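The figures here come from the full heavy-atom set of this structure, side chains too, leaving out hydrogens, waters and symmetry mates. Owing to the predicted nature of the structure, the values given are computational and were not obtained by experimental measurement. Remember, it's 1-based here, ligands and their atoms both numbered in the order they're listed.
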Amino acid sequence: MSNYHAFTEAEAIEYARGIEGMFPEGAQLVSREIGDGNLNLVFHISDPVSGRSVILKQAVPYAKVVGESWPLTLDRARIESEALIIQGRLCPDLTPKVYAYEPDLALTVMEDLSDHIIMRRGLMERNRYPLFAGHIGEFLAKTLFFTSDLAMNQQEKKLQVKAFINPELCKITEDLIFDDPYTDSPNNSFDVHLRDAVESIWADTELHLEVALLREKFLTKAQALLHGDLHTGSIFIKPDSTKVIDPEFAYYGPMGFDIGAVIANLLLNYAGQEGWSPSDADRADYRRYLLDTVRDVWTEFETRFRALWNEHAADRMAKTPGYQDLYVAGLLQDTIGFAGAKMVRRIHGLSHVADIDRIEDAAVRERAQRLALAIGTALIKRGRSARSIDEVLDIALSATK
Ligand code: SR1
Ligand code: MG
């Protein structure tokens with residue numbers, strides 16, 4: 001990576017000008033750095049005259065959210081572009097087009113999706129997306145099934161596992177999701193009013209056992225190629241279209257981690273609705289929509305995953321009667337446990353979510369935080385015995401005062 005340097009906006013324009021066929025000769029290009037994630041630079045380059053535009057996403061050699069004191073591999077740009085290409089082959093309508101990847105610059109050139117909005121923002125504006133559950137169910141079913149031992153030649157799959165070894169980004173997850181929130185770690189960050197709730201999580205050894213088991217699955221269960229960070233900030237959406245972006249945390253891991261991430265972020269928004277002050281009926285109505293979406297995400301995934309299995313399973317042993325039912329039952333349990341862990345980390349871990357942090361009134365924010373912790377810890381504890389997605393809805397409803 002000797003030619004690597006982080007682009008300025010002017011350099012991003014010069015680079016974009018050189019992309020063959022992208023912009024008309026002599027176009028006056030405009031660049032905006034729009035990266036609002038934790039890790040990367042994202043340049044939006046456009047030509048106001050032709051209306052053409054493109055995204056340049058560049059990794060920087062550290063975690064942007066913390067600064068240069070936290071070095072981070074540039075190889076994540078390779079992982080991201082390779083994962084995007086695989087996901088794009090499996091789900092062309094649900095992913096951005098990748099035009100180029102420049103290893104020396106840790107740079108991916110991709111489709112501009114500015115006609116969509118980030119789903120987290122859409123949910124914070126209380127939009128409804130009736131097609132979302134079907135879209136994400138399809139993305140999850142196809143990307144997880146076709147990259148697993150169920151559908152792949154097992155020798156080829158092992159080579160893929162090797163290509164997607166992603167130790168530095170996995171370590172972020174191992175620490176920030178499966179360790180720090182359960183101990184008095186300097187990485188944690190929380191409002192002082194929450195200390196009693198956080199301390200009881202630090203002391204809850206029954207909870208720690210479940211988290212240790214989830215962590216073990218994350219560390220060892222190379223079931224399928226995961227997106228690895230499938231929160232609602234990694235989804236661009238508009239009413240008729242869903243696009244999954246940002247798979248730099250991709251690696252071979254347990255399928256339930258991705259499904260659980262989607263469900264966790266719907267539930268974090270559910271908790272964040274504390275900060276909305278319409279009539280009680282309107283809040284309950286939007287929350288009902290979110291819970292229906294949680295249930296639909298699972299059922300859309302399950303239906304499609306079983307259909308793919310019945311039609312495309314390559315492994316003879318996968319056709320053994322009873323195996324599919326046990327496999328899917330295990331996926332549901334993993335999904336619920338991981339969903340809980342993904343909620344808890346966003347309340348008092350290093351990195352939070354705007355759905356809750358943007359609530360200005362401290363007392364209201366505290367109510368939302370406590371609700372998210374109550375739902376998250378209950379999901380973690382329920383995971384291993386869960387039999388139905390409806391249990392998630394029941395947990396959310398009974399935690400809501
Ligand atoms: C230091 S990175 C913090 C978080 O941002 C990413 O989106 C992942 O969720 C990670 O855990
Ligand atoms: Mg990201």
Which atoms from ligand 1 have a heavy atom of [X] less than 4.0 Å away?
X	value
His231	7 (O)
Phe249	6 (C), 8 (C), 10 (C)
Arg345	4 (C), 9 (O), 10 (C), 11 (O)

Exercise. Arg346: heavy atom below 4.0 Å from ligand 1, yes or no?
Worked result: yes
Exercise. Among the heavy atoms of Thr173, does any lie under 4.0 Å from an atom of ligand 1?
Worked result: no
Exercise. With a 4.0 Å heavy-atom cut-off (strictly under), which part of Ile177 contacts ligand 1: side chain, backbone, both or neither?
Worked result: neither
Exercise. Can any side-chain N or O of Asn188 pair as donor or acceptor with the backbone N or O of Asp180 at less than 3.5 Å?
Worked result: yes
For this session: Kindly assign one of parallel, tilted or perpendicular to the pair Phe257 and Phe338, based on the angle between their ring planes and the thresholds 30° and 60°.
Result: perpendicular
For [X] and [Y], does a side-chain donor sit closer than 3.5 Å to a side-chain acceptor?
X	Y	result
Tyr101	Glu82	no
Arg76	Asn166	no
Ser50	Asp47	yes
Asp334	Gln223	no

Exercise. When you measure from atom 1 (C) of ligand 1 to every protein heavy atom, which one gives the shortest distance, and what is it?
Worked result: Val65 CG1, 3.6 Å
Exercise. Which residue owns the protein heavy atom closest to atom 5 (O) of ligand 1, what's the atom, and how far is it?
Worked result: Asn38 ND2, 2.6 Å
Exercise. Is the gap between the ring centers of Phe146 and His312 under 6.0 Å?
Worked result: yes
Seminar exercise, completed: Candidates Val66, Asp229, Asp175; heavy atom nearest atom 7 (O) of ligand 1 found on Asp229
